[in-house]
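Structure first, commentary second.
Numbers here simply count residues along the sequence, with the first being 1. We use all heavy atoms of the structure for the numbers below, so side chains are in, but hydrogens, waters and symmetry mates are not. What you see is a predicted model, and the numbers here were worked out from it, not measured in a lab.
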Amino acid sequence: MELAAITFKQVGVLFLLILAGYVCGRTGAVRKEDKSAFTDLLINLVLPAMVLNSYFTEYDSATGRNLILTFGMSLFAIMMGLAVTVPIIRRGEKDSVGIQRFACVFSNAGYMGFPLIEALFGAEGMIYASAYVTMFNLTAWTVGIALVSRKTNGRDIASSILKTPVLYAVAAGIFVYFLQIPVPELLQKPISMIGSMNTPLSMFITGMLIASSRLDRIIRRRELWAVTFVRMLLIPAICTGVFALLGFRGMPAQVVLLLEACPSAAMTCIVAVRYRCDEEFSAGMVVVTTLISILTLPVLATLLSSLI
């Protein structure tokens with residue numbers, strides 16, 4: 001019941017944030033064309049600050065070893081999600097298939113997963129969660145962008161990587177954590193405050209997209225339910241089964257699997273805006289999978305305690 005309550009509360013908060021963006025978009029309080037400026041702010045400042053802030057914690061040798069293991073398990077889980085998604089998600093218009101695949105492969109771990117991890121595992125669990133988010137960002141801004149932008153040329157992908165601020169934040173964060181470089185509070189505090197804007201800003205942009213969308217038309221699209229099935233049921237089930245078969249157990253494995261089972265990343269909408277994909281449909285995928293996570297996340301959290 002506690003897990004269900006935490007999940008329900010998080011979804012409620014998320015939808016109120018979406019509602020704020022929706023109301024502003026509908027009333028004209030914020031112009032629709034401003035969503036590109038909000039997107040640039042999120043990508044170039046807020047996301048890097050959030051990632052960097054997750055590494056401002058005290059180093060522990062045992063936790064450090066598990067952290068390295070968690071990096072590997074996180075990458076493995078995300079790649080399994082990719083392997084499951086690509087052959088299944090094939091329907092739709094040219095500018096829709098890539099964003100559908102992105103919504104399947106990448107989860108909303110930072111917002112939906114972190115409260116569950118903190119409630120279940122405390123501070124140590126949050127360190128492992130930061131490892132998952134690191135691999136999420138590395139893959140989302142490389143493999144994910146390649147899926148959406150359809151860039152397969154190595155030079156183009158490398159160029160995209162070098163232009164992604166969040167990856168520099170990942171490198172700096174790892175450096176600070178393992179070398180335990182002291183960060184003065186005068187610097188740490190504003191980074192934390194800017195990073196905390198991630199969820200409100202992401203959800204606000206999602207609400208703006210919904211304001212100019214026809215959700216009643218979106219939910220009738222067969223592709224939406226294919227994405228929902230793959231993201232919320234198939235990928236978590238396969239990842240859990242493979243982890244159990246390979247003997248991945250304990251807190252790090254449970255953290256990775258819970259975060260991998262979260263709904264479609266709010267970043268899906270941001271990427272859709274940036275690369276001019278199906279913006280309306282991307283907002284629908286985020287909303288529907290988030291609603292379904294109210295049921296699926298507590299169930300998985302309960303199962304993991306006995307399986308992994």
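Contact check for V255 versus Y132: no side-chain heavy atoms found under the 4.5 Å cut-off. At a threshold of 4.5 Å between non-hydrogen side-chain atoms, the residues N66 and M251 do not count as touching. Between T228 and M285 the shortest side-chain heavy-atom distance does not fall below 4.5 Å. You'll find the side chain of R101 reaches within 4.5 Å of the side chain of R90, heavy atoms only.
In this structure a side-chain-to-backbone donor-acceptor pair under 3.5 Å is missing from T85 to C104. Remark: side-chain polar atoms of N53 are not paired, donor with acceptor, to backbone N or O of A49 under 3.5 angstrom. At distances below 3.5 Å, not a single donor-acceptor pair connects side-chain atoms of T240 with backbone N or O atoms of A237.
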Take I99 and L147, measure what side chain to side chain contact (heavy atoms under 4.5 Å, CB included) needs, and give me the verdict at the end. CA-CA 7 Å; I99 203 67; L147 285 174; over 6 Å; no
Could you walk me through whether Q254 and Y128 pass side chain to side chain contact (heavy atoms under 4.5 Å, CB included), step by step? CA-CA 10 Å; Q254 292 176 7; Y128 304 142; over 6 Å; no
When you look at R221 and S96, which way does the side chain to side chain contact (heavy atoms under 4.5 Å, CB included) test go after all the steps? CA-CA 12 Å; R221 290 178 61 171; S96 176; 3.6 Å; yes
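For V148 against C277, the heavy-atom pair with the smallest separation is CG1-SG, 3.2 Å. Taking every heavy atom of both residues into account, S264 and A103 meet most closely at OG-O, 2.9 Å. Taking every heavy atom of both residues into account, A140 and M267 meet most closely at CB-CE, 3.9 Å.
Hydrophobic clustering (ILVMFWY, side-chain heavy atoms < 4.5 Å, transitive): M80 and V86 are in one cluster. Linking ILVMFWY residues whenever their side-chain heavy atoms come closer than 4.5 Å, directly or via other members, leaves L52 and F71 in distinct clusters. At a threshold of 4.5 Å between side-chain heavy atoms, the hydrophobic network of Ile, Leu, Val, Met, Phe, Trp and Tyr places F229 and F106 in one connected group. Clustering ILVMFWY residues whenever any of their side-chain heavy atoms sit less than 4.5 angstrom apart, transitively, puts I78 in the very cluster that holds I238. No continuous path of hydrophobic side-chain contacts links V105 to V286 [ILVMFWY only; heavy atoms under 4.5 Å].
For residues 176-212, the pairs satisfying ring-ring contact (aromatic ring centres under 6.0 Å, His included) are F38-F204, Y59-Y177, Y59-F178, with sequence neighbours left out. Among pairs with a residue in residues 237-259, those fulfilling ring-ring contact (aromatic ring centres under 6.0 Å, His included) read F243-F248, at least two apart in sequence or across chains.
Separation of atoms CG (L75) and CZ (F136) is listed at 13.5 Å; rounding is to 0.5 Å. Note that CD1 of I205 and SG of C269 are 8.5 Å apart. Values are rounded to the nearest 0.5 Å. The OG atom of S293 sits 8.5 Å away from the CG atom of N108 when rounded to the nearest 0.5 Å. M73 contributes atom CE, which lies 11.0 Å from atom CG of L246 (distance to the nearest 0.5 angstrom). S130 contributes atom OG, which lies 12.0 Å from atom CE of M135 (distance to the nearest 0.5 angstrom). Residue L258 holds its CG atom at 12.0 Å from SG of C239, rounded to the nearest 0.5 Å.
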Just list the side-chain donor-acceptor pairs under 3.5 Å for residues 184-191, sequence neighbours left out, or say none.
{"residue": "Q188", "atom": "NE2", "partner": "V183", "partner atom": "O", "Å": "3.4"}

